[in-house]
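As structure tokens, the structure follows; a few thoughts come after it.
For this chain, numbers begin at 1 and follow the sequence in order. Just so you know, these numbers come straight off a predicted model, no measurement behind them.
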Amino acid sequence: PPQKYVEKLFDDFSTKFDKTLKELNYKLPFIVNELIRGLDNNIIKYNKAIDLGCGTGLAGNDLRSICKNLTGIDLSKKMLEEARKLKIYDNLIAGDIVKILNSSSLSYDLFIALDVLIYIGEVGSIFKSVRERCNKNAIFIFSVEVQNNDGYSLLKTGRYSHSESYILNNAFNLFKLKDSREVILRKEKGKNIDGKIFIFQAS
């Protein structure tokens, strides 16, 4: 979708975003945090982590406890204003994820993208951009809404769903799959929205 559309959508939604997700039984940040903690017992804290599409910082509190330096990126400046109030991010950047990563010289040990790809569709660009900014053995963890047919599709909700084969094909030669888990992303009109969390490591 057009960048300005997404930016305005979340600018308008910023002040009621957290409350709405709680009503939808949104627990993805907590699930992801548990998965990250279980990846490597030898890693007490990741040196540098980046929260892609951080929004109001819902995942920030849990991420703060497992990283020494935490950066957040989001298209919506008003969402970032809410995240800034939490005082848990070392750096907050407004703009397009791919453009910011491509223009940066910094590298990271942990990348998190929760409910980001559902607004992007085509994942090749973001996968390549993340890989360019990876430190050795960096972890890339993200969620998608799932579909059975190959590829990705624009849903009636205005979000995108992705097939597992599409994700794996785009990650080929960039990352190796460490784990994946089927999850319920949220409730919508009383129904569970099925999703999947993928955990990749830079290859």
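Proximity of a side-chain donor or acceptor of Arg181 to a complementary backbone N or O of Ile197 within less than 3.5 Å is not detected. His162 places a side-chain N or O within donor-acceptor distance of the main-chain N or O of Gly121, the cut-off being under 3.5 Å. When atom types are taken as modelled, the side chain of Arg159 and the backbone of Ile118 share no donor-acceptor pair closer than 3.5 angstrom. In terms of modelled atom types and a separation under 3.5 Å, the side chain of Arg84 and the main chain of Ile88 share no donor-acceptor contact. With Asp109 contributing its side chain and Tyr46 its backbone, the two residues share no donor-acceptor pair below 3.5 Å. Put simply, the side chain of Asn135 never gets that close to the backbone of Ala138: no donor and acceptor are under 3.5 Å apart. Checked by atom type and distance alone, the side chain of Ser163 pairs as donor or acceptor with a backbone atom of Gly151 at under 3.5 Å. A donor-acceptor contact shorter than 3.5 Å is absent between the side chain of Ser104 and the backbone of Ile100.
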List the steps and the verdict of salt bridge (charged side-chain N to carboxylate O under 4.0 Å, His left out) for Glu81 and Lys78. CA-CA 5 Å; Glu81 288 175 8; Lys78 290 189 177 181; over 6 Å; no
Could you go through the side-chain contact (heavy atoms from CB on, under 4.5 Å) check for Asp194 and Glu182 one step at a time? CA-CA 7 Å; Asp194 294 324; Glu182 294 180 356; over 6 Å; no
Is there a side-chain contact (heavy atoms from CB on, under 4.5 Å) between Lys48 and Thr71? Walk through the geometry before answering. CA-CA 8 Å; Lys48 293 181 68 177; Thr71 294; over 6 Å; no
side-chain contact (heavy atoms from CB on, under 4.5 Å) assessment of Arg133 paired with Phe111: CA-CA 10 Å; Arg133 302 271 63 86; Phe111 296 77; 3.9 Å; yes
Residues Ile112, Ile50; criterion side-chain contact (heavy atoms from CB on, under 4.5 Å); working and verdict: CA-CA 6 Å; Ile112 306 97; Ile50 186 164; over 6 Å; no
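Considering all non-hydrogen atoms of both residues, Ala59 and Asp51 come closest at CB-OD2, 4.1 Å. Residue Asp62 comes nearest to Ser65 through the heavy atom pair O-OG, 2.7 Å, listed as atom of the first residue, atom of the second, then distance. Closest of all the heavy-atom pairs between Ser129 and Val98 is OG-CG1, 3.3 Å. For Ala83 against Gly57, the heavy-atom pair with the smallest separation is CB-N, 3.9 Å. Contact record, Tyr160 with Leu117: CB-O, 4.1 Å, taken as the closest heavy-atom pair. Scanning all heavy atoms of the two residues, the minimum distance from Gly53 to Asp74 falls at C-OD2, 3.3 Å.
In this structure, the side chains of Glu164 and Val146 stay at 4.5 Å or more apart for every pair of heavy atoms. Proximity of Leu185 to Ser143: side-chain heavy atoms (C-beta onward) are separated by under 4.5 Å at one or more points. Annotation: side chain of Ile126 is in contact with side chain of Ile120 (closest heavy-atom distance under 4.5 Å). Counting heavy atoms from C-beta outward, Cys54 and Leu80 have side chains that approach closer than 4.5 Å. The shortest distance between side-chain heavy atoms of Glu132 and Leu101 does not fall below 4.5 Å.
Connection of Leu63 to Leu86 is established within a shared hydrophobic cluster, with ILVMFWY side chains joined at heavy-atom distances below 4.5 Å, either directly or through further cluster members. Placement of Tyr166 and Leu168 within a single hydrophobic cluster is found when ILVMFWY residues are connected by side-chain heavy-atom separations under 4.5 Å, directly or transitively. Val183 and Leu155 fall into different hydrophobic clusters, where Ile, Leu, Val, Met, Phe, Trp and Tyr residues are linked whenever their side-chain heavy atoms come under 4.5 Å apart, directly or through other members. Linking Ile, Leu, Val, Met, Phe, Trp and Tyr whenever their side-chain heavy atoms come within less than 4.5 Å puts Ile93 and Leu106 in one cluster. Note on Val123 and Leu154: same hydrophobic cluster, where clusters join Ile, Leu, Val, Met, Phe, Trp and Tyr whose side-chain heavy atoms are under 4.5 Å apart, directly or indirectly.
The aromatic ring centroids of Phe142 and Phe200 lie less than 6.0 Å from each other.
Atoms NZ and CD1, from Lys178 and Ile199 in turn, are 8.5 Å apart once rounded to the nearest 0.5 Å. From Phe127, atom CZ reaches atom CG of Asn170 across 6.0 Å, with rounding to the nearest 0.5 Å. Annotation: the span from Asp115 atom CG to Ile193 atom CD1 amounts to 10.5 Å, rounded to 0.5 Å. Atom CG of Asn173 sits about 7.0 Å away from atom OG of Ser203, to the nearest 0.5 Å. Taking NZ from Lys68 and CG from Asp90, the interatomic distance works out to 12.5 Å, rounded to the nearest 0.5 Å.
Side chains of Asn69 and Tyr108: a donor-acceptor N/O pair is absent below 3.5 angstrom, by distance only. For the residue pair Ser161/Gln147, the side-chain donor-acceptor check at 3.5 Å is satisfied.
Using cut-offs of 30° and 60° on the angle between ring planes, the pair Phe140 and Phe175 is tilted.
Few gaps surround NZ on Lys45; more than 12 heavy atoms of other groups in view lie less than 6.0 Å from it.
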